[in-house]
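Data first, discussion second: the structure below is written as structure tokens.
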Amino acid sequence: MTMKVLMVAPEAYPLVKVGGLADVVGALPKALRPLGVEATVLLPWHRFVEAQRVGEVAYAFAGQEERAPLGERWEGGVRFLLLGVPGFERDRVYGYPDDVERYLRFAVAAGRVALGFDLVHAHDWTAALLPLTARVPAVYTIHNLAHQGLVDPALFFHWTGLPWSLFHMEALEFYGQVNLMKGGIVFARAVTTVSPSYAEEIQTPEFGMGLDGVLRRHAGKLFGILNGLDLEVFDPAKDPHLPAPYSREDVRGKALAQKALWERTGLKGPLLAYVGRLDGQKGLDLILKAVPRLKELGFYLLVQGVGDEGLAQALRQVEEENPGFVRFVEAYDEALARLAYAGADALLVPSRFEPCGLVQMIAQRYGTPPVARAVGGLKDTIEDGRTGVLFQTYHPEGLLYGVLRLFRLGPEALGLRGMEKDFSWERSARAYLEVYRKALG
Ligand SMILES: Nc1ncnc2c1ncn2[C@@H]1O[C@H](COP(=O)(O)OP(=O)(O)O[C@H]2O[C@H](CO)[C@@H](O)[C@H](O)[C@H]2O)[C@@H](O)[C@H]1O
């Protein structure tokens with residue numbers, strides 16, 4: 001019998017993407033299908049998403065009855081539902097002062113949609129209310145503990161109509177506020193996070209972001225399941241963004257990608273690339289501090305990403321001071337990102353912490369070895385000295401040491417080995433199915 005699962009998330013590829021969460025929510029339903037799981041993805045109806053209106057959802061928010069249109073769209077055999085609650089008629093996915101309110105409204109209304117399903121699979125803080133409010137069993141996935149969703153309790157209980165009796169340390173209370181992610185952890189039947197190493201790390205004060213105690217208390221239902229890659233989407237043999245297809249058997253196209261990347265950026269090799277959100281999590285401060293030494297050593301640097309304004313400013317300045325050596329491309333640009341994965345000599349991933357990380361997997365699949373910090377999913381997906389290089393110390397010297405070590409080992413050889421690695425979703429999808437069964441059992 002098919003199991004009907006509703007995945008609730010703020011973003012999912014190919015409809016809405018800011019970061020890795022979208023890749024995961026876009027790919028997992030496809031991987032679950034052969035296992036007899038029919039997963040539907042429910043997203044807020046961001047204004048830029050086109051879909052067909054198929055109905056309406058009634059729910060209560062702040063003591064008022066409201067109705068939201070429900071849209072539907074199919075992509076790659078996956079059914080997406082779009083919930084048109086107020087607050088999403090905007091251009092960006094996150095970053096507004098009322099994010100907590102609008103995503104809470106979304107989660108409240110999503111609880112109504114969940115009624116027609118066997119199980120809810122809620123992703124990250126924006127959907128963390130569902131394990132508490134949905135009337136079906138829920139699995140909760142932590143993609144990033146850095147964003148927990150903190151709300152003033154008076155507003156929270158007014159908006160949701162939930163009883164104040166939930167405001168205590170074993171439930172929603174967190175240093176005087178409501179913590180939505182804590183609620184997700186406490187009330188879900190099972191909690192997963194996106195790599196085995198991160199599942200361990202978040203139970204320690206160093207990585208737990210204040211929730212390590214809660215996670216230790218609920219460790220019996222916490223599972224680390226490694227993200228996969230959508231091998232259809234990320235495939236150098238089929239990537240329309242590359243000048244020529246290539247594979248492990250015939251890597252000639254990779255040199256063409258390198259040439260195209262040099263032309264597009266005005267840089268040369270050896271070229272180190274960073275692709276990803278500009279965020280304190282990602283270790284861009286190490287890259288910034290390492291620039292003078294990298295330049296001295298003859299490396300070129302490409303940084304591509306959008307996000308934190310302070311980091312963007314620092315990067316603009318470094319680009320200005322190092323013309324021809326450093327390029328900062330402040331854009332979300334899928335095509336350039338693919339060229340970078342394929343055409344750079346190494347991908348830098350010096351993260352402070354990394355729940356799983358997809359860019360290092362994509363780079364390996366494209367034959368480009370990562371130089372990454374030995375944390376979280378980076379540790380679980382890179383074979384140190386074989387398919388990439390891991391460094392320990394969160395310091396520019398650590399990163400430099402990693403880069404030099406890679407070039408001593410020979411990036412080409414490591415790159416070829418990386419292309420052999422299996423990053424498919426298959427095994428992980430089976431692990432999710434196990435967790436779903438536990439949650440239903
Ligand atoms: N400027 C840009 N142009 C083009 N593409 C860009 C881009 N900026 C980001 N991307 C893309 O966004 C994705 C980033 O995914 P990651 O998993 O590496 O990090 P992220 O921190 O967003 O995800 C969080 O959730 C995921 C999913 O669970 C975890 O793997 C991760 O550790 C956690 O921090 C990649 O597909 C990358 O190509």
Side-chain angles (χ1 to χ4, degrees), residues 7 9-14 16-28 93-94 121-127 140-147 181 192-199 201-202 207 209 224-231 233-235 239 241 264-265 273-284 302-308 311-312 315 327-342 344 347-366 368 370 372-373 375-382 423 425 428 432:
M7 298 227 174
E11 44 176 310
Y13 185 87
V16 191
K17 175 166 159 175
V18 176
L21 171 60
D23 291 308
V24 172
V25 180
L28 184 55
V93 179
Y94 316 104
H121 184 170
H123 296 266
D124 261 355
W125 74 268
T126 54
Y140 180 59
T141 295
I142 300 168
H143 291 267
N144 196 334
L145 211 55
H147 307 283
M181 184 167 265
T192 72
T193 188
V194 289
S195 71
S197 287
Y198 194 59
E201 288 170 352
I202 56 179
F207 292 98
M209 309 240 171
I225 304 176
L226 205 57
N227 286 336
L229 266 193
D230 190 328
L231 300 182
V233 176
F234 298 105
D235 182 357
D239 195 325
H241 302 295
R264 170 98 203 253
T265 58
Y274 170 93
V275 180
R277 296 179 300 111
L278 307 182
D279 188 298
Q281 165 191 348
K282 300 290 182 183
L284 283 151
L302 166 67
V303 175
Q304 184 196 341
V306 282
D308 182 82
L311 283 168
L315 286 158
R327 269 305 303 277
F328 169 43
V329 179
E330 194 175 0
Y332 188 94
D333 182 339
E334 195 75 45
L336 179 61
R338 302 296 178 95
L339 266 191
Y341 301 132
L347 188 85
L348 305 183
V349 200
S351 306
R352 200 179 283 276
F353 67 93
E354 196 58 75
C356 179
L358 297 173
V359 290
Q360 81 283 4
M361 290 196 256
I362 305 172
Q364 286 175 86
R365 181 152 165 81
Y366 281 61
T368 300
R373 182 135 181 275
V375 285
L378 299 172
K379 219 161 53 175
D380 296 346
T381 54
I382 298 167
F423 292 120
W425 263 106
S428 303
Y432 276 106

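Atoms within each ligand, like the ligands themselves, are counted from 1 in listed order.
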inquiry  = Counting non-hydrogen protein atoms only, what is the nearest one to atom 28 (O) of ligand 1? Give residue, atom name and distance.
reply    = H143 ND1, 2.7 Å
message = As a check for students: among D333, T381, L21, identify the option with a heavy atom nearest to atom 4 (C) of ligand 1.
response = D333
ask   = ligand 1 and F234, any nitrogen or oxygen pair closer than 3.5 angstrom?
value = no
query = Is Y341 near ligand 1, meaning one of its heavy atoms is under 4.0 Å from it?
reply = yes
message = Under the criterion side-chain contact (heavy atoms from CB on, under 4.5 Å), I'd like the reasoning laid out for R264 against D333: C-alpha separation, chi angles, the key distance, then a yes or no.
response = CA-CA 13 Å; R264 170 98 203 253; D333 182 339; 3.0 Å; yes
ask   = Among protein heavy atoms, which sits nearest to atom 2 (C) of ligand 1, and what does the distance come to when rounded to 0.1 Å?
value = Y332 CD1, 3.5 Å
request  = Please identify which atoms of ligand 1 are closer than 4.0 Å to at least one heavy atom of V24.
outcome  = 27 (C), 28 (O)
message = Using a 4.0 Å cutoff against the non-hydrogen atoms of V194, which atoms of ligand 1 qualify?
response = 28 (O)
query = Looking at atom 34 (O) of ligand 1, what's its closest protein heavy atom, distance included?
reply = Q281 NE2, 2.9 Å
request  = For Y341 and D239, run side-chain contact (heavy atoms from CB on, under 4.5 Å): C-alpha distance rounded to whole Å, both residues' side-chain angles, the deciding distance at 0.1 Å, then the answer.
outcome  = CA-CA 11 Å; Y341 301 132; D239 195 325; over 6 Å; no
query = By number and element, which atoms of ligand 1 are closer than 4.0 Å to a non-hydrogen atom of N144?
reply = 34 (O)
request  = Please step through side-chain contact (heavy atoms from CB on, under 4.5 Å) for the pair R373 and E354, ending with a clear verdict.
outcome  = CA-CA 9 Å; R373 182 135 181 275; E354 196 58 75; over 6 Å; no
query = Which of the atoms of ligand 1 are close to Q304, meaning less than 4.0 Å from one of its heavy atoms?
reply = 1 (N), 2 (C), 3 (N), 4 (C)
task = Kindly indicate, with the supporting measurements, whether the criterion ring-ring contact (aromatic ring centres under 6.0 Å, His included) is fulfilled by H147 and Y94.
result = CA-CA 11 Å; H147 307 283; Y94 316 104; 7.8 Å; no
request  = Test side-chain contact (heavy atoms from CB on, under 4.5 Å) on Q281 and F353 and set out the steps.
outcome  = CA-CA 6 Å; Q281 165 191 348; F353 67 93; 3.6 Å; yes
task = Classify the contact between P355 and ligand 1 as side chain, backbone, both or neither, using a heavy-atom distance cut-off of under 4.0 Å.
result = both
ask   = Can you tell if the side chain of I142 reaches within under 4.5 Å of the side chain of P355, non-hydrogen atoms only?
value = no
message = Return the closest protein heavy atom for atom 35 (C) of ligand 1 as residue, atom name and distance.
response = D23 OD2, 3.6 Å
remark   = Distance col, row L302:CG vs L336:CG, nearest 0.5 angstrom, shows 6.0 Å
request  = List every atom of ligand 1 that sits less than 4.0 Å from any heavy atom of A331, numbering the atoms from 1 in the order shown and giving each element.
outcome  = 1 (N), 2 (C), 3 (N)
task = Enumerate the atoms of ligand 1 whose separation from the nearest heavy atom of C356 is less than 4.0 angstrom.
result = 29 (C), 30 (O), 31 (C), 32 (O)
request  = For ligand 1, find out whether one of its N or O atoms is nearer than 3.5 Å to an N or O atom of E334.
outcome  = no
ask   = Atoms of ligand 1 less than 4.0 Å from K17 heavy atoms?
value = 11 (C), 12 (O), 35 (C), 36 (O)
inquiry  = Measuring from atom NZ of K17 to atom CG of D23, what distance do you get when rounded to the nearest 0.5 angstrom?
reply    = 3.5 Å
task = Do me a favour and list the nearest non-hydrogen protein atom to atom 32 (O) of ligand 1 with residue, atom name and distance?
result = E354 OE2, 2.5 Å
ask   = Does a side-chain heavy-atom distance below 4.5 Å link L231 with W425?
value = no
ask   = Are any of the side-chain heavy atoms of M361 and F234 separated by less than 4.5 Å?
value = no
query = Taking side chain as C-beta onward, heavy atoms only, is H143 less than 4.5 Å from H123?
reply = yes
ask   = When you measure from atom 27 (C) of ligand 1 to each heavy atom in V25, N227, L145, which option holds the nearest one?
value = N227
request  = Indicate yes or no: at least one non-hydrogen side-chain atom of S195 is less than 4.5 angstrom from one of N227.
outcome  = no
key: Identity and separation of the nearest protein heavy atom to atom 19 (O) of ligand 1   = K282 NZ, 3.2 Å
message = Could you tell me if the side chain of E201 sits less than 4.5 Å from the side chain of K379, heavy atoms only?
response = yes
request  = For the residue pair T192 and T141, establish whether any side-chain heavy-atom pair is separated by less than 4.5 Å.
outcome  = yes
query = Does an N or O anywhere in L358 fall below 3.5 Å from an N or O of ligand 1?
reply = yes
inquiry  = To check your reading of the model: name the closest protein heavy atom to atom 9 (C) of ligand 1, its residue, and the distance in Å.
reply    = G276 CA, 3.6 Å
request  = Using a strict 4.0 Å cut-off to heavy atoms of G19, name the atoms of ligand 1 that fall inside it.
outcome  = 12 (O), 13 (C), 22 (O)
key: Contact with ligand 1 for G357, non-hydrogen, under 4.0 angstrom   = yes
Distance-only N or O hit between ligand 1 and I362, under 3.5 Å = no
ask   = Tell me: protein heavy atom nearest atom 14 (C) of ligand 1, and distance?
value = G20 N, 3.5 Å
ask   = Should L315 and E330 count as side-chain neighbours, where that means a heavy-atom distance under 4.5 Å?
value = no
